[in-house]
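Taking it in order: structure first as structure tokens, then the write-up.
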2 protein chains.
Amino acid sequence: MKDSKKILSENKVSITNPRIIVLESLLENRNPITVDELQSKLKNKVAKSTLYRVLNDLKNIKVLNEFTTPENATVVELIFEDETHHHHLFCSDCGEIIDIQMAANFEKTLSKEIKRIEKKFNFTIEDHRLELFGTCTDLCKNCN
Amino acid sequence: MKDSKKILSENKVSITNPRIIVLESLLENRNPITVDELQSKLKNKVAKSTLYRVLNDLKNIKVLNEFTTPENATVVELIFEDETHHHHLFCSDCGEIIDIQMAANFEKTLSKEIKRIEKKFNFTIEDHRLELFGTCTDLCKNCN
DNA sequence: TTAAAAAATGAGAATTATTCTCATTTATTC
DNA sequence: GAATAAATGAGAATAATTCTCATTTTTTAA
């Protein structure tokens, strides 16, 4: 079965055209994309209101991650099964968003620190997000 | 000189009533506050458009930090001179936002890792943000 | 396989947060 | 203290997201 349909059926949500179209589009490249860009890409294929609904559905079944750029654009990206937790690097020159993997030993230290915070504040921490902001020294691929 | 006026004059922006009112309000308690709450607090004292302008001014002179909750509410908090870099803990039950200080050795490891990322991606990283999401095990002060 | 029930969609209206406009007021300069 | 520059208030404009509801599509289960 095609990936998009598989994702939907595995998560017990009904298989509909808009959902397939949105998923295919997100599967095409593994990069984060702004909702705005996605909307342009799918113009005349999926209604705006449906796009937002589908994105919500995908968030609910936890195959989609949503976050906000420093410029307040909403960005989405599929969560791939084979990928480990990753973070984001934002270029303030060109707006590019780069997925980054932190070194294993850093992640270990972070986990330990999170456990300490959980105890200290009597919290159950379910998720975390680390974002780095800066500019590419050489021009990055969109900077020119 | 009062703190609010001092902040403005030190940063060479003109001293006006709305700026003083907003600053006093933020100085009152050191906790993050949503723009929405701030707006209610200052109703009939500062026009909505002015509030947004003042917040922008404060961001520009780098005494105000702005970020977004997982529920997409915009939150602001003053940056106090005496405080070191801190992060945020969000309770998804009651919406409370808690300022947290990470252990010094964690911050050291993070700095090193950031340097590694800078080299790897040829980036100059100017800032970073670490956010933790979860729920308080005991009910936190707003949860009940 | 098909009829009935449930869920999802499209189109555009409604809502909400933020920015903009512009005439008036306030602050700064010299 | 007059002239100039900057900031404000009020509400209109904009933009992103959610909502409404009549219609279409999908699922269920006989």
Side-chain angles (χ1 to χ4, degrees), chain A residues 1-2 4-25 32-61 63-76 95, chain B residues 1-2 4-25 32-61 63-77 95 97:
Chain A
M1 183 164 17
K2 271 172 87 187
S4 56
K5 290 193 185 174
K6 199 169 142 215
I7 290 169
L8 296 173
S9 65
E10 276 177 352
N11 287 283
K12 303 191 186 71
V13 299
S14 53
I15 293 165
T16 66
N17 253 305
R19 286 177 179 159
I20 290 168
I21 291 168
V22 172
L23 269 172
E24 305 271 83
S25 183
I33 183 172
T34 64
V35 173
D36 230 47
E37 289 174 273
L38 195 54
Q39 217 171 286
S40 313
K41 242 179 127 178
L42 302 184
K43 204 146 223 166
N44 313 322
K45 292 205 197 118
V46 177
K48 174 164 56 100
S49 50
T50 303
L51 175 57
Y52 278 102
R53 273 185 295 229
V54 168
L55 292 177
N56 248 309
D57 297 338
L58 298 178
K59 276 194 278 176
N60 286 338
I61 63 175
V63 301
L64 189 82
N65 190 13
E66 188 186 283
F67 56 93
T68 302
T69 69
E71 293 79 27
N72 284 322
T74 301
V75 176
V76 293
Chain B
M1 184 163 20
K2 272 172 84 187
S4 57
K5 290 193 185 171
K6 200 169 143 213
I7 291 169
L8 296 172
S9 65
E10 274 176 353
N11 287 285
K12 304 191 185 72
V13 300
S14 54
I15 294 166
T16 66
N17 253 305
R19 285 177 181 160
I20 291 168
I21 291 169
V22 172
L23 269 173
E24 305 270 85
S25 183
I33 183 172
T34 63
V35 173
D36 230 47
E37 288 174 273
L38 195 54
Q39 216 170 286
S40 312
K41 243 178 125 178
L42 303 183
K43 206 145 220 167
N44 312 321
K45 293 209 197 113
V46 177
K48 174 164 56 102
S49 50
T50 303
L51 174 58
Y52 278 102
R53 274 185 294 227
V54 168
L55 292 177
N56 247 309
D57 299 336
L58 298 178
K59 276 194 280 176
N60 287 338
I61 63 176
V63 300
L64 190 81
N65 190 15
E66 189 185 283
F67 56 93
T68 300
T69 68
E71 293 79 25
N72 284 321
T74 302
V75 176
V76 293
E77 70 181 343
I97 303 157

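Here the structure is a predicted model, which means the values were calculated and not measured. Order of the sequence lines sets the chain letters (A, B, ...), proteins ahead of strands, with each chain counted from 1.
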Test side-chain hydrogen bond (donor to acceptor under 3.5 Å, both in side chains) applied to [X] - qualifying residues, sequence neighbours left out:
{"X": "A:Lys59", "result": "A:Glu66"}
{"X": "B:Glu37", "result": "B:Thr34"}
{"X": "B:Glu10", "result": "none"}
{"X": "B:Thr16", "result": "none"}

Review point. Tell me: CG of A:Asn60 to P of D:dT18, nearest whole Å?
Key: 12 Å
**Study point:** Length of the line joining B:Gln39:CD and D:dG11:C1', which is rounded to integer Å
**Key:** 14 Å
Point to revise | Selection: residues 43-53 of chain A, any non-hydrogen atom under 4.0 Å of DNA chain D | key: A:Lys48, A:Ser49, A:Tyr52, A:Arg53
Check your understanding: By salt bridge (Lys or Arg N to Asp or Glu O under 4.0 Å), which residues pair with A:Lys43, not counting sequence neighbours?
Key -> none
Practice item. List for me each residue that meets salt bridge (Lys or Arg N to Asp or Glu O under 4.0 Å) alongside B:Lys45, sequence neighbours excluded, and say none if there are none. Key: none
Review point. Quick one: side chain to side chain contact (heavy atoms under 4.5 Å, CB included) partners of A:Phe67, sequence neighbours excluded?
Key: A:Pro32, A:Asn65, A:Val75, A:Glu77, A:His88, A:Phe90, A:Ile97, A:Arg129, A:Glu131
Exercise for review: State whether A:Thr74 places a side-chain N or O below 4.0 Å from either non-bridging phosphate oxygen (OP1 or OP2) of D:dT17.
Suggested key: yes
Review point. Looking only at heavy atoms, what is the nearest atom pair of A:Ser4 and A:Leu23, with distance?
Key: O-CD1, 3.5 Å
Check your understanding: Just how large is the angle between the end axes of the helix from C:dT1-D:dA30 to C:dC30-D:dG1, five pairs per end, to 10 degrees?
Key -> 40°
Check your understanding: Which residue pairs satisfy the salt bridge (Lys or Arg N to Asp or Glu O under 4.0 Å) criterion with at least one member in residues 16-25 of chain B, sequence neighbours excluded?
Key -> B:Lys2-B:Glu24, B:Arg19-B:Asp57
Please list each protein N or O that sits under 3.5 Å from an N or O in nucleotides 25-30 of chain D, with the distance.
residue: D:dT27; atom: OP1; partner: A:Ile15; partner atom: N; Å: 3.1

